[in-house]
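Read the structure below first, then the notes.
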Amino acid sequence: MLLRPVIGKLQHKRVVLASSSPRRREILSNAGLRFEVVPSRFKEKLHKGSFAAPHAYAVETAKQKALEVADRMHQARAPFLGLLPAGCPQVSLTPVVNRCPSQQAKDLRAPDVVIGADTIVAVGGLILEKPVDKQDAYRMLSRLSGKEHSVFTGVAIVHCCTRDGQLDTEVSEFYEETTVKFSELSEELLWEYIDSGEPMDKAGGYGIQALGGMLVEYVRGDFLNVVGFPLNRFCKELARLYHAPRAPGTPRPVQHDSIPAVDTFEDLSDGEGGGSDPAPASGGLQAGGARPQAPRTQEADLNGVTDSQPGLPAGLLELMDGFKASKVLLTACKLQVFDVLKDRGPLSAMDVAREIDASVGGTARLLDVCAALGLLDKSDRGYSNTETASLHLASDGEQSLHGLAAYHDGPVWGAFTHLGRAVREGAAWTPEPLLQGPHKWSTEATLQFMRASHGLSKLTAQHVATAFDLSPFTSACHLGGCTGALAHKLVQEYPRLQVTVFDLPEVIKLAGDFQTDAQPSERVHFVPGDLSSDSLPPADLYIFCSLLHDWPDDRLHGLLSRISGSCKPGAGLLLAELAPAEEEEEASGAARRPPGLRTRGVGRRPRSPGQYRRLLQRLGFQDVQAARAGGLLHVVLGTRAPP
Ligand SMILES: O=c1[nH]cc([C@@H]2O[C@H](COP(=O)(O)OP(=O)(O)OP(=O)(O)O)[C@@H](O)[C@H]2O)c(=O)[nH]1
């Protein structure tokens, strides 16, 4: 695999993307880079007039963004130290395996590499950034109408290391220019576009990757550079940094004791360290088990002197104390910290303590750790939610995962607290209510499970519904469809589609509590039943979502062959299941997999799309295709062949 070695250069490092841009995150994760996201707080207000050229402004802003994050992460190590027992080494509180997609918690290791970027549009001597309001977007877009302009993205790659408690950084920076020509835009088109809301968080007021693409006559240069990150140039820069032959006596380009010497990279073959090898990130842990960092042997230190001491087992230490960060997050959710701060921050610790009815000292400590984990922002004026916290950790809102947090803090935490007993007795690693079987679930236990499932389904529904064009189907049945979150998304997307939600009677009875639309769709029907024993409602598309990944093979084969047997030729089977850890990490370093809702423990490794494809083909399905759904799931669709 020739593509991987370049990105693979960063594989064993703690890489941080200092950007809130979802586009940058996607570009880099699609390229297989593993990283965390810590948005920069650097205010983009450098004096433009003091730069000789627009690109210099973009590069300097990118650099300041990255340095601010490197510095903050370095500072943020302090609040954790008090949490560790005396004599405990300074290790991460958060194992990679527990990182939720958007929480990107910080840990105690300083980052190895921080990447910052800034995209601007330059036209007629002016620099355009993101519009501040609609009028500003109008001014920008009318300036671009009918003309060519340049898009510059400045990028800074900051290598960090800590010496005697001080942060040392070394910056590589570059920029890329792309020329874009707009068609003449009528007033009507302009306002329609502005009213779509798309321009507001985009440099120059347009998104070339979406509706804005319709305004563009041609592009000269790297398209991804316009979208926000010049991937091609970035890879060349990595290759230059890590491959460049060193003239005798010249310093190594990267001065960091956790980055292998240039010579080491030069020797890497594809199979060894170039990225196709699912070796762990530095000190990181993969779902399914600890993979301690390989001991460091002959690496160069700052002065080029080799150090033959073996490295510390950072991965193991992370694994040992990672649960603390989870508990901090779950506790803050349970105490409604993120609800109190939503739309109201910054608030002092005292104000928050009053609202959550807790001690001031205890609250201040909790808030500090949340800030160090990247869940809250802390300033002189107090604490406020990060965007992620407001979006996913407050209890209201379309993308809230509050229910999932409560489920983990309650039944899942309980099950894992008694893991030793479960192992001794050979019991499943399963929350007590699920263990007893659905007919024994209390209403509250069922509701708690459904809240967790509902949050996760709402988050993934759009991706699943649109991974393939399902418009040829007129009836679908979501098996284990729980609250109907996916069903409602499907009927929104496909106006001809009728969807049946099939789930246990206990679940269906309570599903009505989760309907938020004033007018629930008449095209969604709920049917109670048991997958393993009852006959399935007729449909020309059957769907499973996040249900089967940890089922044993025999049970899975049994169920799918029953479905295959009852499908008419041409009927579809769509499986949207968790991607295996290494695949998901390849696709998205930032989007790490949260524990599956129906995971019976942390046991079975999810199947790959190839495994599902082969299984479906064996069961009589043809034209089996696979697609990725939002970094977390992969979706496989097959059509029943004539017998
Ligand atoms: O065609 C497109 N052009 C630009 C974009 C997006 O625009 C923004 C540019 O803003 P900036 O570089 O300041 O980055 P931010 O979003 O503020 O994130 P940081 O946290 O890194 O400052 C960028 O998101 C581009 O992706 C686009 O989407 N399409």
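In listed order, ligands and their atoms are each counted from 1.
- Once rounded to the nearest 0.5 Å, the distance linking OG of S20 with CD of E387 reads 6.5 Å.
- Under the 3.5 Å distance criterion, with hydrogens and angles disregarded, a donor-acceptor pair is assigned to the side chains of E187 and Y138.
- For the salt bridge (Lys or Arg N to Asp or Glu O under 4.0 Å) condition, the pairs that include at least one residue of residues 206-221, sequence neighbours left out, are E148-R220, K181-E217.
- If you run side-chain contact (heavy atoms from CB on, under 4.5 Å) between V69 and each of V16, V37, I115, only V16 comes through.
- Considering L376, L335, L341 as possible partners of V352, the one that fulfils the side-chain contact (heavy atoms from CB on, under 4.5 Å) test is L341.
- We find the CD-OG distance between Q64 and S40 to be 9.0 Å, quoted to the nearest 0.5 Å.
- Contact residues for ligand 1 (protein heavy atom closer than 4.0 angstrom to any ligand atom): S19, S20, S21, R23, R24, E44, K65, A117, D118, T119, K130, D201, K202, A203, Y206, G207, I208, Q209, V226, V227, G228.
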